[in-house]
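In what follows, a structure is listed as structure tokens, so that the remarks can point back to it.
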2 protein chains.
Amino acid sequence: MMPGASTVDAIRRVGLEMFARDGYEATTMRAIAGEVGIQAGSLYNHFASKEEILWDLTQGALMELTSRIRESMETLAVDADAQARLCAFVDAHVRFHALNSDQASIVNRQMAGLSAMHYRQAVSLRATFEAQLGEILQEGNASGEFHVIDFRMSVIAILQMCISVSTWYRADGKLSPNEICAVYVQLAQRMVGLDTRASMTRVPMKSLPMKGVSER
Amino acid sequence: MMPGASTVDAIRRVGLEMFARDGYEATTMRAIAGEVGIQAGSLYNHFASKEEILWDLTQGALMELTSRIRESMETLAVDADAQARLCAFVDAHVRFHALNSDQASIVNRQMAGLSAMHYRQAVSLRATFEAQLGEILQEGNASGEFHVIDFRMSVIAILQMCISVSTWYRADGKLSPNEICAVYVQLAQRMVGLDTRASMTRVPMKSLPMKGVSER
DNA sequence: CGGCGATACTAACAAGCGTTAGTTTTAAAG
DNA sequence: CTTTAAAACTAACGCTTGTTAGTATCGCCG
């Protein structure tokens, strides 16, 4: 059987979509089962409870995001400076939230449906991203590259800026992921005090000239 | 009877708190009634349905935000430049989301519980804020003050940055609203291409020196 | 005092919820 | 074939949901 076609994967796929679109509380087991093409009771052959479906999806989304960020950071030279790290981090974050908006919704909006224990686990895992970005900012400030106004607020502001992409990006829209990432990478650089006009910016993918994007 | 002590206002107060904390779907009429100190059926002497409570709160929150922004903009000189307008707008937005985090949660997270008609109304009202900020950015770019990378993305990024304050601000925290606003105003200025180090920034309330905040 | 409207309470309704028990079907292995 | 375990189905349980009807209580106005 081809991967992604098993019943478990169908439940994952449908649950992800419905939780993201309608919210965890507003999604019923019968609705998921109906979309999968089975009866509600049959869901319990694959998941012990509704919350376990959410927990499974939460873990999957966090793993996915973790992998994407790690992969992006691994493309850097070992002696890459803070600016390069920041660009890679923002690029990976924006790309994930654009291309995986359903998974992003789980992590950013639906986690309240988790049990207290699972919620704590997920939040602490999510907190590692903030710590990672915080280190980049401190490193950049220490080397004199950045001029961060406030570490904690800058970290949250940059992350939230990246997350917001998931609320408006559409695959059939006018802007490609590469173009969008280029803009947000520039915004992030500005936020940490880099002047993206004076010095050439280094972004992971091809960057666009300023006018080229703003005139769309 | 003192204002804010009537049953209607008690329902508003309790509903706002519970919707913000637990979400609209996860909040039951019986839970609201219990917190108010009446029976569930008595709620229907004041509101026709659960959705109407949410709609009432949504309208109230949007009115409040509208007023705060209008007031902030009215303090400006009639010939104020784009930078001053941007600072006033961001300051009002951040201040609202810090001091009214429950109302912010309604507008930014719980509106999915509204009926289709009410949802459309609220979204279109909320869209006027984006339009207002968009005009400021265009005005600033036209006059040469700003160097906006991309209008639409910058508008969303700045707004989302302001909104994110509601997720972490605590009245008993270390930072005052004035200090927080000062940081976000500087971040916004950087995002539109202003160099907040070279030229003195103009912010509505007292601004803090960079080191004063980042070293907390 | 009498009446009346606002607001509270009680009790229940129909519908829907997550979940379970018991049974039948399916499909691969022996 | 027969066996067996996975996975589907049916049917229901117990509970909660938003909401309503009918009734009682409260306080104000004449």
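Chain letters run A, B, ... following the sequence lines, proteins first and then strands; every chain starts at 1. Reckoned from all heavy atoms, side chains included, excluding hydrogens, waters and symmetry mates.
Closest-nucleotide positions on DNA chain D for B/A26 and A/N45 were compared, and the one nearer the 5' end corresponds to A/N45.
Atom OH of A/Y44 and atom P of C/dT23 are 21 Å apart (whole Å). Rounding to whole angstrom units, CZ of residue B/F47 and C1' of D/dG18 are separated by 16 Å. Between A/E51 atom CD and C/dT19 atom C1' there is a gap of 14 Å when expressed in whole angstrom units. Nucleotide D/dG18 holds its P atom 15 Å from the CD atom of B/E52, rounded to whole Å. Taking atom CE on B/M29 and atom P on D/dT20, their separation rounds to 10 Å, with Å as the unit. Following rounding to the nearest Å, A/E25 (CD) and C/dG16 (P) show an atom-to-atom distance of 18 Å. Whole-Å rounding puts the B/I38 CD1 to C/dT7 P distance at 11 Å.
You'll find that the side chain of A/R30 is closest to C/dC17, out of C/dC17, D/dT19, D/dC9.
In this pair, B/H118 and B/W55 present their aromatic rings parallel. The plane angle is below 30°, not in the 30 to 60° band.
Neither OP1 nor OP2 of C/dA8 sits under 4.0 Å from any side-chain N or O of B/Q39. Distances shorter than 4.0 Å separate some side-chain N or O of A/S42 from OP1 or OP2 on D/dC9. For A/T28, a side-chain nitrogen or oxygen approaches OP1 or OP2 of C/dC17 to under 4.0 Å. Distances shown here put every side-chain N or O of B/T7 at or beyond 4.0 Å from the OP1 or OP2 atom of C/dT7. Under 4.0 angstrom from either OP1 or OP2 of C/dA6 there lies no side-chain N or O belonging to B/H46.
Under the 6.0 Å distance and 45° angle rule, A/K50 counts as a cation-pi partner of A/Y24.
Using a cut-off of 4.0 Å between Lys/Arg side-chain N and Asp/Glu carboxylate O, A/R21 and A/E17 are scored as salt-bridged.
A heavy-atom distance below 4.5 Å is found between the side chains of B/M29 and B/Y44.
Side-chain N/O atoms of B/R68 and B/N100 include no donor and acceptor closer than 3.5 Å.
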